[in-house]
Protein chains: 2
Amino acid sequence: MYQQVDRVRHDGVMSKQPKYHQVADVLRRDIVGGAYPPGARLPSESELQERFEASRNTVRAGLKLLASEGLISSSQGLGYEVRKYEVFELNASRFENLTFPQNGDSYTTDVTNAGRRPSQTFRVEMTPTPEYIAERLKVEAGSTSVLRFCHRFVDDVPWSTQATHYPEWLISKAPRLTEPGDIAEGTTRYMAGLGIEQVGYHDEIATRMPTPDEARLLEIGAGVPVLLWTRTGYSEERPIRCTITTFRGDLNRMNYEIGDLSARSESEPQ
Amino acid sequence: MYQQVDRVRHDGVMSKQPKYHQVADVLRRDIVGGAYPPGARLPSESELQERFEASRNTVRAGLKLLASEGLISSSQGLGYEVRKYEVFELNASRFENLTFPQNGDSYTTDVTNAGRRPSQTFRVEMTPTPEYIAERLKVEAGSTSVLRFCHRFVDDVPWSTQATHYPEWLISKAPRLTEPGDIAEGTTRYMAGLGIEQVGYHDEIATRMPTPDEARLLEIGAGVPVLLWTRTGYSEERPIRCTITTFRGDLNRMNYEIGDLSARSESEPQ
DNA sequence: CTGCTCAACTTGTTGGTACAAGCTGATGTA
DNA sequence: TACATCAGCTTGTACCAACAAGTTGAGCAG
């Protein structure tokens, strides 16, 4: 039943790969070669059983491999389909405007400019500072901080979650941070008006597979990682905010422009 | 055999989750709660069968779920173990030194400073420009370009691959780019000495699951995404290089420091 | 004591069966 | 015609059995 040698591949070539691996390889080649374009439906499991002369378990193992690579997705009753991407560009560096609004405005503007419809839910909490945040805000882990949380959608597709923490000492200086509603002019501008100016920031970018919570909020299927963007904003004296944004990795790409890029913008008139 | 209602969870609470999902949930809780610290070995499949009163396949489905989240890994004959991370920080923004060497020096310095041992293999090719690169270099797709390829290790663990493409028109101006060996002073400095100065760059950061090739080169197991870093360097006139770096997502984190961060560096004397 | 063999563990692969549950179009009834 | 029902497709879950193959340590032969 289980042999690693003398196995004949689908194309007739000998191979030492397990059979489910060969199933995945052939289908992957078909997909990247364009035989199944993005959005196309793959043959059903039973058809693939015949095609590869394999049991259902074996075929499913191969399909699961492709799903974990993010190439395909499946739904009960509908079959397997080739995943289609649609990347949204994020501009992370804007020197000319270090105090651009973080909560809402930048996102709303970018999405609207791209001809898409933004929407979001919003929440404010007082919460103990998690250790990861506390390190960056230079406060004690567990001390209270203001958490302003955003769940963002583009055309009703979940896009990102954003959690901004403000340290406790800021509350007395900028009390509106604790207000449950949106701050129209943006938190950065509001704080700048109070003399708390963000003069620099530190960005950290990491990636990993989503936690079950993240997978639920962002409606992420198997094989799609998240992109984690941590931005710590500084006044001249100390850190004043720490924002963690969690993006769907298949839908977003971050951009940083550094130095003189006149050569780039000149020749890109569109 | 297959019921979604009236199923009793391991802790005695009713649940509509499939059983393999419950297995994963309980184990995940144990792992993040510290019952199984990083590097620890999980109970064997047969032990888990008894603990959860489930078949081997069901237990394996739960374990596979955790593996696809990047929480655990398994090896034949050895069992399952909790994955341990060790993040390496990458400094992507260095304003003071826009012409810092890209091929080798920056990596070697950073890794050595961290007390680790860097090593790499290196290769130079003349190759047709892939479309993705051609767009960024503003040359025709398929036109020849110089590809300088690096496969980098830290303490003999595969860390990243880096592919830098130089457009064809540069070759006559900077012929040493096609030399198969390393350029001691760094390509950026070499080109600057010839009057081709990199005055700005555009970074793009994306994430996805590795292709089989990437998984092989970087020795990536299931559940670990890659971090893709595309840097396009510009002279005052036009793009002069495009570098794609592929990192293991579990081992790397990118850092950008923008604006005035005196408040950060002051209070971090280490 | 050294070194080899092998039993007993581990996970990996492949086959099978059965039923649950989601989706769609055909069919039949009002 | 309008609508509900259902057969027949799809994938999802759960079980069983068997054998392959990597790892380790006990135990035996030299």
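No hydrogens or angles considered: a donor-acceptor pair under 3.5 Å links the side chains of A:T230 and A:Y132.
Between B:L63 and B:I72 the shortest heavy-atom distance is O-CD1, 3.5 Å. Shortest non-hydrogen contact noted between A:V82 and A:P37 is CB-O, 3.5 Å.
A straight line from CG of A:L78 to P of C:dC23 spans 6 Å, rounded to a whole angstrom. Atom C1' of nucleotide C:dA20 and atom CD of B:Q17 are separated by 16 Å, given to the nearest angstrom. Straight-line distance from the CD atom of A:E81 to the P atom of C:dC23: 13 Å, rounded to whole Å. B:K19 places its NZ atom 14 Å from the P atom of D:dT13, with the value rounded to the nearest Å.
A 4.5 Å side-chain heavy-atom check between A:M254 and B:E204 finds every atom pair outside the cut-off. By the 4.5 Å heavy-atom criterion applied to side chains, A:M209 and B:P225 are counted as neighbours. In this structure the side chain of A:R83 reaches within 4.5 angstrom of the side chain of A:V224, judged on heavy atoms.
For A:S74, the side-chain atoms get nearest to D:dT11 when compared with the rest of C:dG15, D:dA21, D:dT11. Closest approach to the B:Q76 side chain among C:dT13, D:dT13, D:dG22 is made by D:dG22 (side chain taken as heavy atoms from C-beta onward).
A donor-acceptor pair is defined here as one N or O able to donate and one able to accept, closer than 3.5 Å; such a pair exists between the side chain of A:T211 and the backbone of A:E214. Under a 3.5 Å cut-off, the side chain of A:H165 and the backbone N or O of A:T129 do not form any donor-acceptor pair.
OP1 or OP2 of D:dG12 has at least one side-chain nitrogen or oxygen of A:Y80 nearer than 4.0 Å.
Contact check of residues 55-64 of chain A against DNA chain C (heavy atom, cut-off under 4.0 Å) returns A:S55, A:R56, A:N57, A:T58. Listed by residue number, the members of residues 39-49 of chain B with any heavy atom below 4.0 angstrom from DNA chain C are B:R41, B:S44, B:E45, B:S46.
Comparing A:E53 and A:G77 by the nucleotide of DNA chain C that holds the closest heavy atom to each, the one mapping nearer the 5' end is A:E53.
Ring-plane geometry between B:F88 and B:W159 is classed as perpendicular, the angle between the planes exceeding 60 degrees on a 0 to 90 degree scale with a lower cut at 30.
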